[in-house]
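A quick write-up on the structure given underneath.
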Amino acid sequence: MLSKLFSVVALCASQIAASAATASSTRPVPTYAPVPHSSDGLKLGPDNWRVEPFGHGAYMATDNQYQAMFYISDKGVIVVDAPPTLGHGLLYAIGNTTSIPITHFVYSHYHGDHIGAAYLVHQKGHKKPVIIAHRDTREVLKQLDDPNRPLPNIVFDEDYTLRVGNQTLELSYKGHAHAPGNIFIYAPYQQVLMLVDVVFPGWTPFSGLGRAQFVPGYMKAFDQVLQYKFKHFVGGHLTRSGDRADVKDGREYVHDLRANCIRAIELSGQPGNATNPLAITTLLPPVQEANPRNPWALFREALEAAAEWCADETNKKWKNRIGATDVYGFDNAYTMIESLRLDWDILGPFGVQN
Ligand SMILES: *[C@@H]1O[C@H](CO)[C@@H](O)[C@H](O)[C@H]1NC(C)=O
Ligand SMILES: *[C@@H]1O[C@H](CO)[C@@H](O)[C@H](O)[C@H]1NC(C)=O
Ligand SMILES: *[C@@H]1O[C@H](CO)[C@@H](O)[C@H](O)[C@H]1NC(C)=O
Ligand SMILES: [Zn+2]
């Protein structure tokens with residue numbers, strides 16, 4: 001990841017130098033807590049990609065920021081996802097591993113950061129690969145009309161078994177969680193499971209719990225993952241693949257976050273004292289006085305105070321176990337508090353009071 005970021009920095013260095021000379025102010029450089037070594041990935045090759053074999057023709061390709069997969073069968077290669085950061089690196093990774101052509105292409109979900117380089121895979125070779133995805137993925141892509149993400153040829157609603165030569169992938173949609181149409185992709189022979197943007201092995205979830213569209217479904221997905229028999233887990237992000245322990249850690253983190261955020265919402269509705277800095281009865285009057293006729297200012301103050309407290313409580317336990325709790329912990333707590341209020345109807349001081 002660093003070498004890639006450094007190469008990006010090197011590319012832009014002249015522009016940065018030029019703008020630094022003219023800019024009157026710059027953003028302060030953030031310094032976050034050091035990342036535990038257990039979060040580290042393996043070294044990238046000179047072209048900033050690497051391949052991780054899981055045996056029997058199953059491979060992860062990554063730039064230590066995003067992850068894609070490919071499965072080599074005796075009849076053709078199945079590719080899963082095409083993240084733009086990996087870009088041509090995905091085709092090089094496949095090309096350096098096999099000369100068997102790509103015949104099938106699975107989209108984990110519609111998000112551009114995971115399949116925005118699909119057109120590269122689609123253009124590759126003489127015959128365009130067959131694209132398989134969930135029906136919702138095709139529906140959303142139809143509306144977005146993006147030439148980088150060609151429409152799927154085959155769609156399904158719940159389960160679909162993809163057999164190509166000696167490789168089998170079981171595709172399954174289990175409901176609304178991260179994004180419409182986000183599917184589980186399971187190789188039963190190799191016991192490799194891929195589910196993108198839910199579990200982030202070794203890391204705190206990306207902001208907003210990986211930008212989960214439905215947090216209750218997002219939390220349920222951890223249990224659905226653990227129902228599979230898998231040795232390797234591919235989450236679509238960052239430095240490394242995972243195993244069952246990573247998924248259990250991820251599950252525990254979101255459950256801790258939820259419990260602490262419930263406590264924070266409760267505290268905001270209770271009387272203030274030295275151990276309860278969240279009580280809106282003491283927190284909000286000065287905010288109201290300073291911001292007359294602005295209810296949004298009050299909401300923001302109360303919810304951010306609760307989210308900060310929830311993140312601090314959660315990070316005490318997790319900061320040495322996973323990477324970047326202090327980068328996205330607050331954002332995840334804020335998302336959890338909003339979900340507790342809107343999805344689970346845990347409203348604290350914003351509930352019926354009279
Ligand atoms: C399928 O065939 C490919 C290509 O011959 C081989 O690399 C791979 O190990 C085989 N996988 C399985 C599951 O048999
Ligand atoms: C193998 O990888 C190198 C370096 O990334 C790349 O330049 C080359 O084109 C790849 N070979 C194939 C056949 O894809
Ligand atoms: C402070 O408030 C919290 C929340 O209402 C309560 O649990 C705690 O007992 C109070 N402590 C004191 C010293 O009153
Ligand atoms: Zn996504």
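As the structure is a prediction and not an experimental result, all values here were calculated from the model. Each ligand, and each atom within it, is numbered from 1 in the order the structure gives.
- Between R50 and D63, none of the side-chain N atoms (NZ, or NE/NH1/NH2) sits under 4.0 Å from a carboxylate O, so this pair counts as no salt bridge.
- For ligand 3 and L267, the ligand atoms under 4.0 Å from any heavy atom of the residue are 4 (C).
- At least one N or O atom of Q270 sits closer than 3.5 Å to an N or O atom of ligand 3.
- Put simply, the side chain of F206 does not reach to within 4.5 Å of the side chain of D197, judged on heavy atoms.
- Of the polar atoms of Y189, none of the N or O atoms is found under 3.5 Å from an N or O of ligand 1, judged by distance alone.
- In the vicinity of D74, heavy-atom distances shorter than 4.0 Å reach the ligand 1 atoms 2 (O).
- Set against the non-hydrogen atoms of T275, the atoms of ligand 3 under 4.0 Å away are 1 (C), 11 (N).
- Proximity to G57 (heavy-atom distance under 4.0 Å) selects the following atoms of ligand 1: 8 (C), 9 (O).
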Below 3.5 Å, can you tabulate the donor-acceptor pairs from side chains in residues 265-274 to any protein atom, sequence neighbours excluded?
{"unit_1": "S268", "atom_1": "OG", "unit_2": "A264", "atom_2": "O", "d": "2.9"}
{"unit_1": "S268", "atom_1": "OG", "unit_2": "I265", "atom_2": "O", "d": "3.0"}
{"unit_1": "N273", "atom_1": "OD1", "unit_2": "T275", "atom_2": "N", "d": "2.8"}
{"unit_1": "N273", "atom_1": "OD1", "unit_2": "T275", "atom_2": "OG1", "d": "3.0"}
{"unit_1": "N273", "atom_1": "OD1", "unit_2": "N276", "atom_2": "N", "d": "3.0"}

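- In H255, the NE2 atom is crowded: over 12 heavy atoms of neighbouring residues, nucleotides or ligands sit closer than 6.0 Å.
- Separating the CG atom in L193 from the NE2 atom in H232 is a distance of 12.0 Å, to the nearest 0.5 Å.
- On a distance-only criterion, R263 and ligand 3 share no N/O pair closer than 3.5 Å.
- Ligand-side atoms of ligand 1 in range of H56: 8 (C), 9 (O), 11 (N), 12 (C), 13 (C), range being under 4.0 angstrom from any heavy atom.
- The shortest N/O to N/O separation between Q190 and ligand 1 does not fall below 3.5 Å.
- The pair D40-R240 fails the salt-bridge criterion, with no side-chain N (NZ, NE, NH1 or NH2) lying under 4.0 Å from an Asp/Glu carboxylate O.
- Using the six-membered ring where Trp is involved, F350 and F299 have ring planes that are parallel, under 30° apart on the 30 and 60° scheme.
- Looking at H134 and H109, their side chains never bring a donor and an acceptor atom within 3.5 Å of each other.
- Ring orientation note: the planes of Y228 and F184 are close to parallel, at an angle under 30° on the 30°/60° scale.
- Note that OH of Y160 and CG of L171 are 8.0 Å apart. Values are rounded to the nearest 0.5 Å.
- Contact residues for ligand 2 (protein heavy atom closer than 4.0 angstrom to any ligand atom): D47, W49, L91, Y92, G95, N96.
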